[in-house]
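Computed from a predicted model, the values in this text were never measured in an experiment.
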Amino acid sequence: MIEIITTENIHVYRTEMDEAYRLRHDVFVEEKGWRDLAQPDQREIDQFDNEHALHMICRQNGKVVGYQRMLPTTKPHLLSSVLADLCEVERPVGDHIWEWTRYCVAKPHRERGRALSPVANALLSAIVEWGMESGVDRIIIEMEPIWLLRLVQLNFMVTPLGIPREIGGDSVVAVIAKFDHRTLEMLQAMRGNSKRVLKDCPPSAAVAAQ
C-alpha cells in the first residue's frame with residue numbers, strides 16, 4: 001500500500017523518509033547524473049521538502065521501493081520557482097492543481113517493457129485516489145516527452161504548457177494532466193483488481209488540498 005507523509009506525521013516516518021531521500025539520490029544523482037543535486041550524505045533533499053510537501057512512499061518487506069512528492073501550486077514549487085521557462089502560457093494555479101515531482105522506483109521494481117510495474121501502478125493510482133478524495137483533479141508534471149503517450153494511454157487528459165527544452169542533458173516538457181474515475185479504472189484494470197492502494201491517511205493529508 002502507499003503511505004502518505006505530511007508535516008503532521010513525518011516524525012513517525014524518520015527512517016522511511018531517510019530511505020526515500022537516499023532512493024532519490026540514487027535515481028536522480030547517480031543514475032540520471034543530476035550532479036548539482038549531489039549531497040555528501042547521499043540524501044537528495046531540496047527547498048521544496050518543507051511543511052507544504054506531501055510525500056507518498058511504497059514499501060515492500062519494510063523497505064522503501066517507490067516514492068513521489070506532491071506540491072501545492074498555491075505555494076512555491078518547481079514550475080513557479082525553478083523551471084518557469086518551461087511554461088509558455090498562464091501558469092496553472094489553484095487548490096485543485098498540485099505538482100507531481102521526484103517520482104522514482106527502485107531498480108528491481110521497475111517495469112520491463114511497456115506495462116507499468118506493480119510499484120509504478122500503485123504510485124500513480126495513489127495520486128488519483130488521493131486527488132479524488134481531496135478535491136484535486138489536475139497535476140503539473142515536468143517530464144521527458146516520451147511520457148506523454150504513456151499518460152494518455154492511462155486516461156490522463158494531458159496538455160503541454162510549452163515546448164520541450166534541454167535541461168541537464170534531458171529533453172523536458174511541462175504538462176498539466178487532468179484525471180478522473182476513468183483514469184483510476186484504467187489503472188485498476190491494468191493491475192487486475194480494484195483494491196484501494198492508499199493506506200488510511202492522517203486527517204491532515206486528507207484535507208491537504210483544501
In a table with atom names and distances, give each donor-acceptor pair under 3.5 Å that connects a side chain of residues 83-92 to protein atoms at least two apart or in another chain.
unit_1	atom_1	unit_2	atom_2	d
Glu88	OE2	Ile163	N	3.2
Glu88	OE2	Arg165	NH2	3.4

Q.
Taking Trp98 as the starting point, is it possible to reach Met132 by hopping between hydrophobic residues whose side chains are less than 4.5 Å apart?
A. yes

Q. Charged N to carboxylate O below 4.0 Å: is that the case for Arg24 and Asp49?
A. yes

Q. Would you say Leu154 and Ile176 are hydrophobically clustered, going by side-chain heavy atoms of ILVMFWY under 4.5 Å?
A. no

Q) Would you call Arg22 and Asp18 a salt bridge, taking side-chain N to carboxylate O under 4.0 Å as the test? A) yes

Q) Going hydrophobic residue to hydrophobic residue with side-chain gaps under 4.5 angstrom, can you get from Trp130 over to Ile97? A) no

Q: Kindly write out the residues that satisfy salt bridge (charged side-chain N to carboxylate O under 4.0 Å, His left out) with Asp46, not counting sequence neighbours, or none if the list is empty.
A: Arg69, Arg102

(Q) Thr183: which residues meet the side chain to side chain donor-acceptor pair (under 3.5 Å) condition with it, sequence neighbours left out? (A) none

Q) Side chains of Glu99 and Met70: does their closest heavy-atom pair fall under 4.5 Å? A) no

Q | side-chain contact (heavy atoms from CB on, under 4.5 Å) partners of Ser194, counting only residues at least two apart | A | Gln188

Q) Do the side chains of Ile141 and Leu161 join up, straight or via other hydrophobic residues, at under 4.5 Å, putting them in one cluster? A) no

Q: Not counting sequence neighbours, which residues clear salt bridge (charged side-chain N to carboxylate O under 4.0 Å, His left out) with Arg182? List them please.
A: Asp180

Q: Might you work through the salt bridge (Lys or Arg N to Asp or Glu O under 4.0 Å) test for Glu19 and Arg14, ending with a clear yes or no?
A: CA-CA 9 Å; Glu19 289 184 31; Arg14 295 187 190 280; over 6 Å; no

Compile the donor-acceptor pairs under 3.5 Å between side chains in residues 51-61 and protein atoms, sequence neighbours left out, one pair per line.
unit_1	atom_1	unit_2	atom_2	d
His55	ND1	Tyr67	OH	2.6
Arg59	NE	Glu3	OE2	2.8
Arg59	NH1	Glu16	OE2	2.7
Arg59	NH2	Glu3	OE1	2.9
Arg59	NH2	Glu3	OE2	3.2
Gln60	OE1	His109	ND1	3.4

(Q) With clusters defined by side-chain heavy atoms of hydrophobic residues (ILVMFWY) lying less than 4.5 Å apart, directly or transitively, does Met190 cluster with Phe156? (A) yes

